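Reviewing the structure listed below.
What you see is a predicted model, and the numbers here were worked out from it, not measured in a lab. For ligands, and for the atoms within them, numbers begin at 1 and follow the listed sequence.
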Amino acid sequence: MQILHTVSDIRHCVQNWNNAGERVAFVPTMGNLHAGHLQLVREAKRHADKVVVSIFVNPTQFGINEDFADYPRTETQDCEWLAAEGCDLVFLPNVETIYSPNAQTSVNVSQVSKNYCGASRTGHFDGVATVVCKLFNIVQPHVALFGLKDFQQFVVIQTLVRDLHLPIELIGVPTVRELDGLAMSSRNSYLSEEERAFAPKIYQILQQSHEHLKAGKTIFDVEIYAISALTQNGFRLDYFKIARRSDLQPATLNDDELIMLVAVKLGKTRLIDNLWFNK
Ligand code: PAF
């Protein structure tokens with residue numbers, strides 16, 4: 001497995017693969033890898049001849065009071081795991097490589113960035129869209145894979161690929177969960193032992209909400225149920241919403257493909273999760 005740091009080295013390597021007619025898959029990450037990321041790499045290998053993973057803690061997607069400085073950096077361990085999974089190339093740029101000091105361009109996916117995480121994390125999705133666009137331009141993969149735990153992020157990236165006519169196939173990979181149901185996330189490492197034991201309640205409440213819908217409760221009633229269950233269990237609610245899966249607009253009676261989206265704080269840790277269902 002090669003580890004490269006510059007744009008020209010990445011381009012050169014990928015160009016050689018392209019010249020040999022090889023298909024390239026790309027998995028962008030911020031490192032501190034867990035089983036969810038490794039699942040993305042495994043899936044990437046099923047769709048391409050070569051797999052590129054980037055590890056870059058992107059400063060522009062963190063708000064001023066967020067955890068950019070504390071975000072766990074574990075590149076050595078990450079690279080060992082990636083090599084063991086059969087990853088071909090790791091792109092490990094520094095901040096100046098991605099953001100030249102005189103950079104003036106950013107990408108804003110206006111509508112789908114607005115609500116949910118976009119409402120509580122101002123500028124977050126502009127940072128995500130900008131860095132993903134830059135990484136796509138550097139790596140120029142045929143296919144890119146993202147975890148569906150960050151479902152709004154996936155819709156933002158789908159929208160930018162569509163709007164900018166990027167010739168990249170996107171694949172969303174289902175959330176990987178701990179045995180007790182907690183969605184895997186690099187931020188789970190912030191949880192205290194007590195909080196970690198409590199955190200699976202989020203997924204339990206999503207599942208119970210789904211049961212209520214199947215039993216005939218209205219979307220409105222289920223949203224009220226979930227919000228009160230989350231807050232009574234001591235989570236600080238950011239949002240709970242049932243939305244249309246295609247564009248994250250509030251669900252209406254005519255919509256069949258839906259998703260429940262939730263974000264809460266437990267202690268100082270922000271956790272998100274979701275559950276897909278069809279009516
Ligand atoms: O999901 C993530 O890890 C990040 O938001 C991403 C897509 C790598 C962009 O920095």
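Lys241 forms no cation-pi arrangement with Tyr116, by the criterion of a distance under 6.0 Å to the ring centre and an angle within 45° of the ring axis. Stacking of Arg73 on the aromatic ring of Phe68 is recorded, both the 6.0 Å distance cut-off and the 45° axial limit being met.
Contact atoms of ligand 1 toward Val131: 9 (C), 10 (O) (distance under 4.0 Å to a heavy atom of the residue). Within ligand 1, the atoms closer than 4.0 Å to a non-hydrogen atom of Pro28 are 8 (C), numbered from 1 in the order shown.
Proximity of Thr29 to ligand 1, defined as any heavy-atom pair under 4.0 Å, is confined to the backbone N, CA, C and O atoms.
Nearest non-hydrogen protein atom to atom 9 (C) of ligand 1 is Gln61 OE1, 3.3 Å. Of the protein's non-hydrogen atoms, the one nearest atom 7 (C) of ligand 1 is Gln153 NE2, 3.5 Å.
Asp180 and Tyr203 share no donor-acceptor pair across their side chains, judged by distance under 3.5 Å alone. In summary, the side chains of Gln208 and Tyr225 do present a donor paired with an acceptor at a separation below 3.5 Å, with no hydrogens or angles considered.
In terms of modelled atom types and a separation under 3.5 Å, the side chain of Glu223 and the main chain of Phe240 share no donor-acceptor contact.
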